[in-house]
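Worksheet for the structure shown next.
Order of the sequence lines sets the chain letters (A, B, ...), proteins ahead of strands, with each chain counted from 1.
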There are 2 protein chains.
Amino acid sequence: MAHRRSRTARLSGDDRQLALLATAEKLLGERSFDDISIEDLAAGAGISRPTFYFYFSSKDEVLLALLDTVIAEVRHRVAALPRDFELEPAATWRRSIEAFIEVFSAHRAVSNAAMTARMRNADVHALWATSMQSWADYSTEIILAERARGAAPDGIDAHDLAVALNLMNERVLSASLSGDAPRIDQARSLDVLSSIWLRSIYGTTPD
Amino acid sequence: MAHRRSRTARLSGDDRQLALLATAEKLLGERSFDDISIEDLAAGAGISRPTFYFYFSSKDEVLLALLDTVIAEVRHRVAALPRDFELEPAATWRRSIEAFIEVFSAHRAVSNAAMTARMRNADVHALWATSMQSWADYSTEIILAERARGAAPDGIDAHDLAVALNLMNERVLSASLSGDAPRIDQARSLDVLSSIWLRSIYGTTPD
DNA sequence: CGACTACTCAACAGTGTGTCGACAAACGGA
DNA sequence: TCCGTTTGTCGACACACTGTTGAGTAGTCG
């Protein structure tokens, strides 16, 4: 995902790449991605605009690299989680959701910019789509296992349910992070999301 | 929301405004909003680029006008719905969700473009945010009423729940319409969303 | 029929992107 | 140690699109 050049020459080389990434994350904390020009990134890293193109082929590619590290962090965090659905399903689901919230909150600026860029950039879109799919597949597996052991009732297709819940998390978190419009206070979003996940997976409708 | 000039003169005047809107919706069906230039819109309406600025002050304003009509259609459709939560709550919720799906599906191109533009344009953002808020408030009222009459159990804050469910609908529908990544087949999305709404509002978690 | 309003566009100015070609500086052999 | 290759750097250019200005034309109304 990241284009590294061999470490040599001049003043830095590889450090310049990191400087550009650091500048991008810093500037994203101050203004929107659209309002940051390649000139700004280059200046922040102490190089000229044409030189920027030696390291990245576009502004979007910088964001892609930043998003990649955030997603890797999520993957890492989720993999390290204790996974014990049989003993304490509620707490286990909750911890997973919490991991997402914490990582994306810690990189709020990058997350917001990536959510916007996803809409117009094919690479960002593909990276995000792939991650969402893997999280949805992971959730699907667990829902199926919970149904198999009789802990969760049958209902709509497990994969559809998993996709809808993951998309909900994405959107609710995105609204919380960007502070937009109808949003849930960040302090309560974990409770709200957990509750909906649990009721949708384990609950039934009295009819 | 719409800037009308008095009907007079030349060849059209007011018709040109409509021609621009029609051109925009047509081109949005063929390519992305970013890939449509003001030149393209002007050409489609048979005027020059500077003349475009006589009718709209920017490309975004054209999209705003289109989104406005779509939202008005939703409001109209939802207001016309039979609202009988006491007799048939499930069917009543389902019909509301169905109305959203149908209207936004009928204007898929505009909906997709608006969801993208929302991220960078303050006016589109505000219009969408206001609408989402009113739908969330509407949902909140009903949830509270259902809890008051004992049909729905207590749980997380009704407004938080309403916001999360509305955001889920937005995101799931948006994924369906754009055909993106982890998405729910459009034919099944009504079932999936209804099921989650009902379980979240009326269901309980056994523990 | 003359002034007024609605409308139109050629031409200009500005801003940001991406490329090209010349050049500098380290390194790795012969 | 010198010389070619790789790595890095940037001035200057071409381009695409946005937004503005100012001069004009065509209907319409007193």
OP1, OP2 of C/dG16 versus side-chain N and O of A/S37: anything below 4.0 Å? no

Just how far, in rounded Å, is P of C/dG18 from CG of A/D60? 9 Å

For the backbone of B/A117 and the side chain of B/N121, can you confirm whether one donor and one acceptor N or O come within less than 3.5 Å of each other? no

Base D/dG19 to side chain B/R49, donor-acceptor N/O within 3.5 Å cut-off: yes

C/dT17 P sits how many Å from B/D34 CG, rounded? 14 Å

C/dT8 P sits how many Å from B/F52 CZ, rounded? 13 Å

Say whether A/S32 and A/D34, considering side chains only, have a donor N or O and an acceptor N or O under 3.5 Å apart. no

Nearest 0.5 Å, what's the OG-CH2 distance between A/S139 and A/W197? 4.0 Å

In whole angstrom, what separates B/F56's CZ from C/dT8's P? 13 Å

Between CD1 of B/I47 and P of C/dA10 the distance, given in whole Å, is 12 Å

Any donor-acceptor N or O pair under 3.5 Å, side chains B/Q133, A/R183: no

Any A/Y55 side-chain N or O less than 4.0 Å from OP1/OP2 of D/dT7: no

Residue-phosphate contact under 4.0 Å: B/S48 side-chain N/O, C/dC9 OP1/OP2: yes

Any side-chain N or O of B/Y53 less than 4.0 Å from the OP1 or OP2 oxygen of D/dT18? no

Of all the nucleotides listed (D/dT21, D/dG19, C/dC20), which has the minimum atom distance to the side chain of B/P50? D/dT21

For A/E39 and C/dT19, what is the distance between atoms CD and P respectively, to the nearest whole Å? 17 Å

I'd like to check A/S48 versus A/T51 (side-chain heavy atoms, cut-off strictly below 4.5 Å). Are they in contact? yes

Measure CZ/A/F54 against P/C/dT19 and give the value in whole Å, please. 15 Å

Out of D/dT9, C/dT17, D/dT18, which nucleotide sits closest to the side chain of A/T51? D/dT9

Mind calculating the distance between CG (B/L41) and P (D/dG19) to the nearest angstrom? 12 Å

